[in-house]
Amino acid sequence: MSVPAAAAAPNWDLTLKVTTADQTHALGAALGAELERGDLLVLTGELGAGKTTFTQGLGEGMGVRAGVISPTFVLVRIHPNLPDGPRPGGPDLVHVDAYRLGSASEIDDIDLENTMDSSVTVVEWGRGRVEHLSESRLEVDLHRAVGLETPRPGAGGPQPDHPETLDFDTDDDDEPRTIVLRGFGPRWSDRPFWADSAGGAFTGSSAIEGTP
């Protein structure tokens, strides 16, 4: 059964700056190690912003089967937890692309609620479509320093300026990116444990700056 959407105001936000795809991946892996069953992540970012690279990092940190790619033509891909991985018995990763889904009702048609409680659900292009699935969510916005204009939040389907643009950003260029995380609801009442020291949490940390 659907639950009311989380409150409009986030509990906290965190802005990080990365300069390489490896750092985007590492940030995802650090977060993935903390994710639990029932977690909902909403990813937003223009073409080449690093959504797939970030999700690959999440999968590594969660210890799920490798091979995370953009699920553009298959709306939902499930990556099972590996019994011999770093988190045996942990949650599966359900990776969703809502780019061509125009409303919350279309999200309901793919029955994400059946896996929500047992998995971590990551939805690209999910803003304005999936908030009703959980009282808590973590929003992750990825922005390129130079690139296409960020889509209007909640806009469904192909963007007017780029009517047939699809996101195959599995191989990101090494260029500066800004990643903004926002926590909503009781699950994300506190920032991730590494947030306060994010600037020194990674190799080559001088290129990653945390903004409280």
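Atom OG1 of Thr121 is separated from atom CG of Leu133 by 7.5 Å, given to the nearest 0.5 angstrom. From Asn11, atom CG reaches atom CZ of Arg191 across 12.0 Å, with rounding to the nearest 0.5 Å. In this structure, the separation between CZ on Phe184 and CG on Asp13 is 9.0 Å, given to the nearest 0.5 Å. Between Ser118 atom OG and Asn81 atom CG the span is 11.5 Å, to the nearest 0.5 Å. From Leu27, atom CG reaches atom CZ of Phe54 across 5.0 Å, with rounding to the nearest 0.5 Å. Lys51 NZ to Gln56 CD: the interatomic distance, rounded to the nearest 0.5 Å, is 12.5 Å.
Between the Arg87 side chain and the Gly32 main chain, a donor and an acceptor come within less than 3.5 Å of each other. At distances below 3.5 Å, not a single donor-acceptor pair connects side-chain atoms of Arg127 with backbone N or O atoms of Val42. Distance alone, capped at 3.5 Å, places no donor-acceptor pair between the Ser134 side chain and the Arg137 backbone. In this structure, Glu131 contributes its side chain and Gly128 its backbone to a donor-acceptor pair below 3.5 Å. Side-chain atoms of Trp12 do not come within 3.5 Å of backbone N or O of Leu181 as any donor-acceptor pair.
In terms of heavy atoms, Gly89 sits closest to Arg37 at O-NH2, 2.6 Å. Taking both residues in full, the closest heavy atoms of Ile78 and Arg65 are given as O-NH2, 4.0 Å, listed atom of the first, atom of the second, then distance. Nearest heavy atom pair, residue Trp125 against residue Ala98, reads O-CB, 3.5 Å. Among all heavy-atom pairs drawn from Glu60 and Pro86, the shortest one is O-CG, 4.0 Å.
Val180 and Leu43 fall into different hydrophobic clusters, where Ile, Leu, Val, Met, Phe, Trp and Tyr side chains are chained together by heavy-atom contacts under 4.5 Å. In this structure, Leu82 is not a member of the same hydrophobic cluster as Met62, with clusters built from ILVMFWY side-chain heavy atoms closer than 4.5 Å.
A side chain to side chain contact (heavy atoms under 4.5 Å, CB included) with Val96 is found for one member of Val122, Leu112, Leu41 and no other, namely Leu112.
In this structure, the side chains of Asp108 and His132 come closer than 4.5 Å at one or more pairs of heavy atoms. Side-chain contact check for Val68 versus Leu58: every heavy-atom pair is 4.5 Å or farther apart. Taking 4.5 Å as the limit, some side-chain heavy atom of Leu142 sits within range of a side-chain heavy atom of Thr24. Taking 4.5 Å as the limit, every side-chain heavy atom of Lys17 sits out of range of all side-chain heavy atoms of Pro176. Contact of the Leu40 side chain with the Met116 side chain is registered, since non-hydrogen atoms from C-beta on lie closer than 4.5 Å. Under the 4.5 Å side-chain criterion, counting only non-hydrogen atoms from C-beta, Leu93 is in contact with Thr55.
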Does the pair Asp92 and Val64 meet the rule for a side chain to side chain contact (heavy atoms under 4.5 Å, CB included), with working shown?
CA-CA 6 Å; Asp92 297 338; Val64 303; 5.6 Å; no

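A salt bridge is absent between Glu46 and Arg144; no separation between the charged side-chain nitrogens and carboxylate oxygens falls under 4.0 Å.
Annotation: salt bridge (charged side-chain N to carboxylate O under 4.0 Å, His left out) contacts of Asp39 (sequence neighbours excluded): Arg187.
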